[in-house]
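One structure is given here, and the rest of the page talks about it.
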Amino acid sequence: MKPLGRYLRETLINLSRNALMSVASVTIIAASLVLLGGLYVFVSNLNALVAKETAKAEVTAFFQPGVSRETVDKRIREISKYPGVAEVTFVSKEELMRRLFPPDNPHAALVQKEMKFPDGVEVRLERPEEGKAIAARIAKIAEVRRVNYGAAVVERLLAVKRAINLGGTVAVLIFALAALLTVSSTIHLTISAREQEIGIMQLVGATAWYIKGPFLLEGMIHGLLGSLVALLVLATGYGRAYAYVEQRLPFIQAVDPGSVTPALLALLLGAGVAFGLLGSYLSVRRLLHVG
Amino acid sequence: MIEFQDVTFSYNGSAPALRDINLKIEKGEFVFVVGQTGTGKSTLLRMVYRELVPDRGRVIVAGRDVTKLRPREVPYLRRQVGVVFQDFKLLPKKTVWENVAFALEVIGATKQDKFRRIPRILSLVGISEKSDSFPHQLSGGECQRVSIARALVNDPPILLADEPTGNLDPQTSFDIVQLLNKINIRGTTVVVATHDRDIVDRMHKRVVTLVDAQIVRDQERATYQEE
């Protein structure tokens with residue numbers, strides 16, 4: 001019999017003999033992967049939101065009244081060279097006035113007459129996390145009267161992302177450990193049930209891989225089934241959540257399920273097979289004293 | 001074929017199970033290793049198929065020092081050494097044919113190989129008509145014949161039997177030893193560890209006696225007790 005055929009046959013026997021533990025093993029792998037995949041989907045959405053807010057994030061600076069256009073241009077050239085700055089745009093007092101009080105505004109004429117607007121600049125950022133430092137640096141320029149940094153939302157989002165990454169990683173690690181131990185225990189039981197057979201295999205000259213192969217394959221199948229279950233749960237769950245958000249909360253632009261699925265599939269399959277293989281390898285190494 | 005050179009071994013630091021063993025068994029010999037329970041007979045055999053590795057000394061099997069084998073080389077040594085035990089070690093859910101075939105499957109034998117070798121070996125051990133029976137349907141003697149068939153189906157040059165008659169009545173024991181003799185005549189080196197005085201006395205083969213982990217006698221055409 002071809003080795004792969006034998007591996008599959010033996011693996012199916014093992015799975016059927018240990019059906020209940022196999023179900024437990026697949027379930028815990030699936031739970032870990034739902035958590036891992038859920039974290040991935042959540043962080044993907046958060047990243048998209050951060051990217052969107054980042055694109056909007058900018059530092060606005062206003063000059064003292066009476067600063068000449070030449071000085072303003074000089075400062076613009078200086079600011080453009082700051083690290084993390086993508087683009088600096090001059091905003092004249094007239095432009096600013098137009099933006100705040102468009103001509104169709106009934107108070108526009110009065111405001112124009114009574115209020116004095118300063119010239120300013122809009123600084124678009126390459127990296128939002130540097131916005132605060134750039135704003136502080138611009139504030140030190142003598143001719144600058146006031147600086148606004150409008151990316152507090154991005155900063156908060158980044159902080160949330162960091163916390164979720166940390167908490168999520170810890171949770172995934174705990175679940176992964178539980179999954180490894182469950183797979184390992186299941187394979188342990190299978191090996192114990194076939195102890196006599198394995199002893200005879202070793203006696204009559206079976207190679208280590210001949211003996212180990214079906215158990216490793218069994219672990220891999222647990223992982224594979226776990227990842228398929230997790231994928232089903234996540235795809236269905238996220239599909240529904242996406243539809244809900246699209247309908248009820250249109251201001252939140254969630255990541256399209258179609259664009260997240262291929263990476264999710266690869267992540268879940270890879271992690272599932274790795275959990276299964278590693279879990280079974282731990283038992284095989286501990287129990288089978290073969291080369 | 002098998003050589004022990006100054007071999008000493010103890011289980012987990014307890015008193016030696018074998019001490020300063022020097023023994024040479026030539027190709028095609030039939031040797032009884034005798035002694036009371038706990039004198040080191042089984043330990044001696046287990047070193048030949050590298051179930052155990054001596055604390056000191058060398059064990060040479062078919063020209064190779066098996067104490068120096070890497071773990072992945074051990075299976076290939078074991079294909080050269082058939083082993084038979086007192087408790088037969090048959091798989092209860094497999095038929096006679098399947099139990100014997102198991103040893104061939106493990107080494108990757110083809111279907112044709114199995115159909116060529118198994119009937120021949122079952123015929124040699126005299127159990128052809130029971131090939132579809134399960135172990136629980138067989139007598140002790142028949143189980144031991146299946147166990148011998150499994151050990152020999154791969155044609156190993158060495159056959160080790162560890163108390164092969166321990167569970168059998170005197171007549172069946174003698175039949176089994178006669179079978180081992182027949183196998184030896186075909187060219188297989190046979191080493192039998194036993195404390196069955198009767199079969200040793202009736203066979204008049206080379207006898208190696210162990211007492212307190214040491215060889216105290218090694219005599220050709222001997223009986224159990226020194227005459």
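No experiment lies behind these values; they were computed from the predicted model shown. By convention in this document, chain letters (A, B, ...) are assigned in the order of the sequence lines, proteins followed by strands, and residues within each chain are numbered from 1.
Of the listed residues (B:E51, B:K89, B:E73), the greatest number of heavy-atom pairs within a distance under 4.5 Å of chain A belongs to B:K89. Among the candidates B:F102, B:Y49, B:Y76, the residue making the largest number of heavy-atom pairs closer than 4.5 Å to chain A is B:F102.
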Stepwise side-chain contact (heavy atoms from CB on, under 4.5 Å) test for A:L217 and A:L8: CA-CA 8 Å; A:L217 190 62; A:L8 281 172; 3.9 Å; yes
Worked check of side-chain contact (heavy atoms from CB on, under 4.5 Å) between B:S131 and B:T95: CA-CA 7 Å; B:S131 74; B:T95 63; over 6 Å; no
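In this structure the side chain of B:L124 reaches within 4.5 angstrom of the side chain of B:R186, judged on heavy atoms.
If you measure heavy-atom distances from B:L90 to chain A, the contacts under 4.5 Å come from the backbone alone.
Aromatic ring orientation, A:Y238 versus A:Y242: tilted (interplanar angle from 30° to 60°).
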